[in-house]
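Values below: all heavy atoms of this structure, side chains included; hydrogens, waters and symmetry mates excluded.
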Amino acid sequence: MATKKPGGLAEVIAGVTAISTVGKEGKGLTYRGYSIEDLASYGTFEETAYLLIYGKLPDHQELQQYKQKLQHMRSLPTGLLTILEQLPGSTHPMDVLRTGVSALAAFEPETAQHHQYEIADRLIASCASVLLYWHHYHRNGSRIDTATDNGSIAGHFLQLLHGDRPSELHEKAMDVSLILYAEHEFNASTFAARVTTSTLSDLYSAVTTGIGTLRGNLHGGANEAAMELIERFTSPSDAESGVMQLLKDKKLIMGFGHRVYSVSDPRSDLIKAWSRKLSEAGGDMSLYHISERIEQIMRQEKKLFPNLDFYSASAYRLMGIPTSLFTPIFVISRLSGWSAHIIEQRANNRLIRPSADYNGPNEASWAPIANRS
Ligand code: COA
């Protein structure tokens, strides 16, 4: 295993949380004490979001009410639809989401009545609407109805994207993906959202901070970058020689490695199984086999394991999702984790403001502008 570099707040304990544990024994992940394996096998994304935001698993009635509540929050203000129409069709979908969240703050600002829990639920329910209204309007000029009759966010997303009800397999695969992406302790975007929250800013501002931070390729953007890598190759042997060359050129292979996990990313095995199921159901194993060969080379050459982003890429492609929407899906899911952290930060707030070691010049003496060279 390659050695870790200093800096980047690696291994620094930057606060306390009761929301999740990451990397126990180098590999475990729990949300409020529940293992990611149990949540992905027996739960749904709505139960997971409720667990994260409200602090406990919902009972039957609470879950039904929560799902209905989210379903009723899918329509967007007309002014926001106009803004989405005005954005260029070439806008990056992450810019669309960040702008959509900012604009919603203007239409539905945070107040004592419209409080943090309402906004958290509203954003989880309506970000697919923001994204896919913009997507369809700029692709074919259609102004879609963003309120579908699909009860789950996973099914709703796929239905809005493709225009018809998804298969059970696709809906379940998407649901599992949303569960896996929902929460991950003090990852960069969550930490950034907590920093914004710690200044007593509003929830929308903290979420836009999170979206901006998630976008980079070292964080959420890795699922799109992984897809671009996998799609370059026509066969497993092509992938093998291509990845060997990239490693020789000292390039990063997106979708591999992790700051906290040292043994494996527990989410990867779960999404890998779904990528396989989707490949088998679609009768085309090529992406899966190429991905497996890249995994094998990375283990052999770098002792690095795939993270959640790597097999998410092929799973999303097999559900017919365009690559540019991969990271925005991560946003829809992670809104639940961000919201939980924003609420937790507020409950016991202290301004997050670390110190730095100074390594700049000592005692520079002021020179009038005419004397500067
Ligand atoms: N491909 C190739 N080499 C990698 C690598 C990857 N995906 N991930 C880590 N390494 C190498 C680094 O280049 C470094 O080598 P060096 O010491 O010779 O420079 C070494 O492994 C140690 O990695 P380090 O930079 O200390 O990791 P980090 O904790 O700072 O970064 C990530 C963690 C996730 C940012 C990093 O693994 C990465 O860039 N992965 C690809 C992007 C990605 O998948 N992000 C999603 C994360 S969930």
Side-chain angles (χ1 to χ4, degrees), residues 19-24 26-53 57 124 127-128 152-158 166 169-190 210 214 219-227 254-261 263-279 288 291 295 305-319 321 325-341:
I19 300 170
S20 62
T21 56
V22 172
K24 273 206 174 151
K27 55 186 181 165
L29 172 62
T30 62
Y31 299 170
R32 296 206 185 270
Y34 296 94
S35 78
I36 193 70
E37 289 80 7
D38 280 354
L39 289 163
S41 304
Y42 311 120
T44 61
F45 175 64
E46 285 75 11
E47 277 173 293
T48 305
Y50 189 101
L51 170 71
L52 291 169
I53 295 170
L57 278 177
I124 291 170
C127 270
S152 78
I153 289 183
H156 170 65
F157 179 90
L158 291 172
L169 182 79
H170 283 195
E171 189 166 330
K172 186 60 199 157
M174 177 56 89
D175 194 60
V176 169
S177 156
L178 294 178
I179 294 170
L180 299 178
Y181 269 126
E183 161 57 13
H184 219 214
E185 196 221 43
F186 278 22
N187 60 87
S189 59
T190 301
L214 188 77
H219 193 7
N223 56 15
E224 294 183 17
M227 191 71 250
M254 294 303 167
F256 284 85
H258 200 271
R259 172 58 67 78
V260 181
Y261 297 121
V263 178
S264 66
D265 179 339
R267 305 166 300 174
S268 173
D269 288 348
L270 298 166
I271 199 65
K272 182 177 177 182
W274 279 99
S275 174
R276 186 181 185 106
K277 267 187 228 180
L278 291 163
S279 301
Y288 185 81
S291 304
E295 178 182 354
F305 49 85
N307 56 49
L308 171 59
D309 293 315
F310 189 65
Y311 282 98
S312 296
S314 49
Y316 287 166
R317 171 61 79 253
L318 291 157
M319 287 188 269
I321 300 171
L325 301 185
F326 289 7
T327 316
I329 294 172
F330 191 159
V331 170
I332 293 170
S333 162
R334 186 57 62 85
L335 274 164
S336 57
W338 288 336
S339 302
H341 279 273

How far apart are the C-alpha atoms of Thr48 and Tyr34, what are their side-chain angles, what is the distance that settles it, and do they pass the side-chain contact (heavy atoms from CB on, under 4.5 Å) test? CA-CA 10 Å; Thr48 305; Tyr34 296 94; over 6 Å; no
Using the side-chain hydrogen bond (donor to acceptor under 3.5 Å, both in side chains) rule, take Tyr42 and Glu47 through it: C-alpha gap first, then chi angles, then the decisive distance, then the call. CA-CA 10 Å; Tyr42 311 120; Glu47 277 173 293; over 6 Å; no
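In this structure, the side chain of Glu37 does not engage the main chain of Leu39 through any donor-acceptor pair within 3.5 Å. Although no hydrogens or angles enter the test, the distance criterion places no donor-acceptor pair under 3.5 Å between the side chain of Glu183 and the main chain of Ser336. A donor-acceptor pair is defined here as one N or O able to donate and one able to accept, closer than 3.5 Å; such a pair exists between the side chain of Ser339 and the backbone of Leu335. Judged purely by atom type and a 3.5 angstrom limit, Ser333 uses its side chain to pair as donor or acceptor with the backbone of Ala182. With Glu224 contributing its side chain and Thr327 its backbone, the two residues share a donor-acceptor pair below 3.5 Å. A donor-acceptor pair under 3.5 Å is formed between the side chain of Asn307 and the backbone N or O of Gly257. A donor-acceptor pair under 3.5 Å is absent between the side-chain atoms of Ser275 and the main chain of Ile271, judged by distance alone.
A salt bridge does not link Asp269 to Lys272: none of the charged nitrogens lies less than 4.0 Å from a carboxylate oxygen.
Here the two rings, on His184 and Phe330, have centers that are 6.0 Å apart or farther.
By the 30° and 60° cut-offs, the orientation of the rings of Tyr316 relative to Tyr181 is tilted. In this structure, Phe310 and Phe256 have tilted ring planes: the angle between them lies in the 30° to 60° band.
Nearest approach of Ser152 to Glu171, heavy atoms of both residues: OG-OE2, 2.8 Å. A pairwise comparison of heavy atoms in Ile124 and Phe45 identifies CG2-CE2, 4.0 Å as the closest pair.
Shown are His258, Arg259, Arg334, His341; of these, the side chain to side chain donor-acceptor pair (under 3.5 Å) with Asn187 is made only by Arg334.
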